[in-house]
Amino acid sequence: MTIDQLETFLAIVKHKGFRHASCKLFLSQPTVSSRIQALERELNVPLFIRSGRKVTLSEQGERLLPFATGIVGLYHGAQLEMARRQHGIHQTID
């Protein structure tokens with residue numbers, strides 16, 4: 001499981017589809033699909049229910065959502081903190 005996969009998962013949820021997520025992430029749609037397929041293989045669960053162009057979260061996707069949100073949030077928080085420290089700003093993130 002990678003941050004890229006989780007960010008892609010969250011983008012699909014937020015933008016309600018693979019095509020819109022690919023535009024927002026500046027990635028090709030096959031790249032977005034590939035990331036999700038790899039994540040689904042690793043977790044051994046379907047994360048989305050696909051019906052034509054409509055995409056909804058599966059039960060397993062719903063369960064992953066809070067974890068993905070937390071993990072990606074922590075990752076970006078750590079990046080921000082390291083950047084602040086590198087630039088001499090020693091304020092902590094709450």
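Residue indices begin at 1 and follow the sequence shown.
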- Message: Within the 4.5 Å heavy-atom criterion, are L25 and T31 side-chain neighbours or not?
- Response: no
- Assess whether atom CZ of R50 is packed by more than 12 heavy atoms of other residues, nucleotides or ligands within 6.0 Å. yes
- Query: Does any non-hydrogen side-chain atom of L80 lie less than 4.5 Å from one of R84?
  - Reply: yes
- Message: Return the CZ to OG distance between R41 and S34, rounded to the nearest 0.5 Å.
- Response: 7.0 Å
- Query: Same hydrophobic cluster for I49 and L65, using side-chain heavy-atom links shorter than 4.5 Å among ILVMFWY?
  - Reply: no
- Item | Pairwise salt bridge (Lys or Arg N to Asp or Glu O under 4.0 Å) hits with a residue in residues 54-67, at least two apart | E59-R63
- What one should report as the nearest heavy-atom pair of L10 and A68 is CD1-O, 3.8 Å
- Message: Would you compute the distance between atom CG of L74 and atom CD of E81 and round it to the nearest 0.5 angstrom?
- Response: 12.5 Å
- Query: Which class fits the ring pair F48 and F9: parallel under 30°, tilted 30 to 60°, perpendicular over 60°?
  - Reply: tilted
- Task: Indicate yes or no: at least one non-hydrogen side-chain atom of F18 is less than 4.5 angstrom from one of I36.
- Result: yes
- Task: Indicate yes or no for a side-chain donor-acceptor contact from T8 to the backbone of R35 under 3.5 Å, with no hydrogens or angles considered.
- Result: no
- Roughly how far apart are L47 CG and T56 OG1, rounded to 0.5 Å? 11.5 Å
- Task: State, with a plain yes or no, whether a side-chain heavy atom of I12 is found less than 4.5 Å away from one of L57.
- Result: no
- Specify the closest pair of heavy atoms between Q5 and E42, including all atoms of both residues, with the distance to one decimal. OE1-OE1, 4.2 Å
- Message: Using every non-hydrogen atom in the two residues, find where M1 and L39 come nearest and quote the distance to one decimal.
- Response: CG-CD1, 3.8 Å
- Message: Is there a side-chain contact between V55 and K16 in this structure, where contact means two heavy atoms from C-beta onward sitting under 4.5 Å apart?
- Response: no
